[in-house]
Amino acid sequence: MLGNPHQYAASDPRAREALTTLPVYGQLPFVPVRATGCDIITSDGRRILDLYGGHAVAALGYGHPRLLQAIQEQSERLLFQSNAVALDVRAAAAEQLVAIAPANLTRVFFVNSGAEANENSLRIACMATGRKKVLAITHGFHGRTAAAAAVTWKAANSWYGFPNTPFDVDFIPRDDIAAAHAMIDDSVAAVIFEPIQGVAGAYDLSMDFVQALSDACRSSATILIADEVQSGMGRSGRYFAVDACSVEPDILTSAKSLGGGVPCAALLTSEKLSALMQSGDLGSTFGGGPLASAAILAVIETIQAENLLDNVRQREAEIRQHCLVGPVTEIQGRGLLLGLVCDRPAREVQSALLEQNILAGTSADPNVLRLLPPLVLESSHVRRLAQALAA
Ligand SMILES: Cc1ncc(COP(=O)(O)O)c(C=O)c1O
């Protein structure tokens with residue numbers, strides 16, 4: 001499945017990257033040269049239906065006129081200024097994010113990546129509680145920085161790399177309500193969880209488990225952090241996946257789809273936690289820059305103008321109805337963050353689909369193929385996927 005850079009001509013970017021970048025990524029065997037709608041056009045002229053969206057980033061697909069216009073106009077007007085000055089476009093992005101977030105989350109801190117959003121959330125939790133332990137959920141993924149990776153399942157014994165974690169860490173077995181109640185107490189600064197575990201294969205945590213996390217956090221004054229880096233910004237069929245239950249996290253993180261392809265991330269939190277923060281406690285040079293802010297605004301406006309939450313729910317229903325075929329034995333996840341559980345290795349299914357010019361993702365579960373397509377996906381795309389799976 002993955003390309004071997006040595007088989008390519010010296011001018012091929014795969015051979016050149018292999019000589020100039022760190023050898024840390026397994027790369028797919030094609031080179032995109034442009035993209036439009038939900039299609040990637042490759043250097044050898046293939047047109048590939050993208051059901052992976054660059055790790056869930058391409059919320060509006062490629063070349064969406066509203067996003068292009070917003071970033072072009074903003075670049076011409078003011079490409080960059082830092083948080084040393086207030087900006088109309090940053091204020092508007094924060095206002096719009098707060099408007100779509102759970103009601104208790106009224107404050108925004110802008111950063112650049114999902115890991116950075118989680119890193120700062122964990123810092124806020126430690127600062128606010130003075131506690132030294134953080135709990136996460138088995139199979140969860142939260143990023144590659146020191147604190148975010150410390151709460152990422154199985155990072156410690158593979159790629160963590162640092163000699164120590166910044167705090168004590170333990171993992172609650174996913175969906176184990178009794179363990180949640182037993183483990184969350186007043187020694188715990190924060191519990192971090194993904195409502196739908198993306199890297200794990202779009203595994204949807206049970207609502208009862210999420211409610212138990214929330215209840216136990218409330219009774220021990222522990223900070224509840226919802227990592228919606230992958231599940232947020234409409235991907236679950238609601239703005240945020242926690243909207244499907246009555247749980248209000250103390251902090252929610254968003255990235256990936258947030259800027260539709262312009263790198264950006266944010267954490268949202270409550271008035272109560274915001275009131276504990278002072279000038280200098282957190283910071284970021286690029287976070288909340290004008291270009292990122294303009295992109296965030298364009299993504300939110302487009303989700304609303306094009307009823308993309310409805311679109312996500314309709315496409316999910318179609319996928320559930322038509323794609324339980326061929327190797328697929330079960331479909332997990334929510335909205336357009338779906339895991340197709342296969343009766344054979346997901347990599348084999350991924351390769352077979354790619355031969356039919358359809359790109360899907362894999363996951364940490366070797367039998368789960370992951371779909372993270374643009375939220376603008378159409379019925380015709382679902383039909384193509386169903387036919388390709390059945391072939
Ligand atoms: C749930 C979740 N949190 C955090 C991250 C890290 O985000 P980033 O790669 O932007 O640092 C990811 C990335 O896959 C993710 O899926």
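Atoms within a ligand are numbered from 1 in the order they appear, just like the ligands themselves. The residues of the chain are indexed from 1 along the displayed sequence. Please read these numbers as outputs of a predicted model, since none were measured by experiment.
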**Prompt:** Looking at A241 and E228, what are the two nearest heavy atoms and their distance?
**Reply:** N-OE1, 2.7 Å
**Within reach of ligand 1, part of S113 (heavy-atom separation under 4.0 Å)** = both
**Prompt:** Heavy atom under 4.0 Å from ligand 1: found in T253's side chain, backbone, both, or neither?
**Reply:** neither
**Message:** Can you confirm if the NZ or CZ of R90 lies within 45° of the ring axis of F110 and under 6.0 Å from the centre of its six-membered ring?
**Reply:** no
**Request:** Report the relative orientation of the aromatic rings in W159 and F141; use parallel for angles under 30°, tilted for 30 to 60°, perpendicular for over 60°.
**Result:** tilted
**Prompt:** Given E228, E119, E116, Q230, which one has a non-hydrogen atom that is nearest to atom 16 (O) of ligand 1?
**Reply:** Q230
**Connected via hydrophobic side-chain network under 4.5 Å: V134 and F193** = no
**Asked** Atom CG in N104, atom CD in E248: separation rounded to 0.5 Å?
**Response** 4.0 Å
**Prompt:** So, for atom 8 (P) of ligand 1, does the protein have a heavy atom nearer than 4.0 Å?
**Reply:** yes
**Request:** Look at atom 11 (O) of ligand 1 and find which of A115, A148, A200, G198 reaches it with the closest heavy atom.
**Result:** A115
**Prompt:** Does the pair D204/R174 count as a salt bridge with the N-to-O cut at 4.0 Å?
**Reply:** no
**Prompt:** For ligand 1, which atoms, with element, lie under 4.0 Å from some heavy atom of N118?
**Reply:** 3 (N), 4 (C)
**Protein contact of atom 3 (N) of ligand 1 - nearest heavy atom, named by residue and atom, plus distance** = D227 OD2, 2.7 Å
**Prompt:** Of the listed options (H55, K256, E194), which comes nearest to atom 14 (O) of ligand 1 when hydrogens are ignored and any heavy atom counts?
**Reply:** K256
**Prompt:** When you measure from atom 10 (O) of ligand 1 to every protein heavy atom, which one gives the shortest distance, and what is it?
**Reply:** G114 N, 2.8 Å
**Item:** Sidechain-backbone polar pair: R384 side chain, N357 backbone, donor-acceptor under 3.5 Å
**Value:** yes
**Message:** If I apply the N/O under 3.5 Å rule, does G143 come out as touching ligand 1?
**Reply:** no
**Request:** Would you indicate whether the side-chain heavy atoms of I48 and L354 approach each other to under 4.5 Å?
**Result:** yes
**Item:** Proximal atoms of ligand 1 relative to V229 (non-hydrogen, under 4.0 Å)
**Value:** 2 (C), 3 (N), 4 (C), 5 (C), 7 (O), 12 (C), 15 (C)
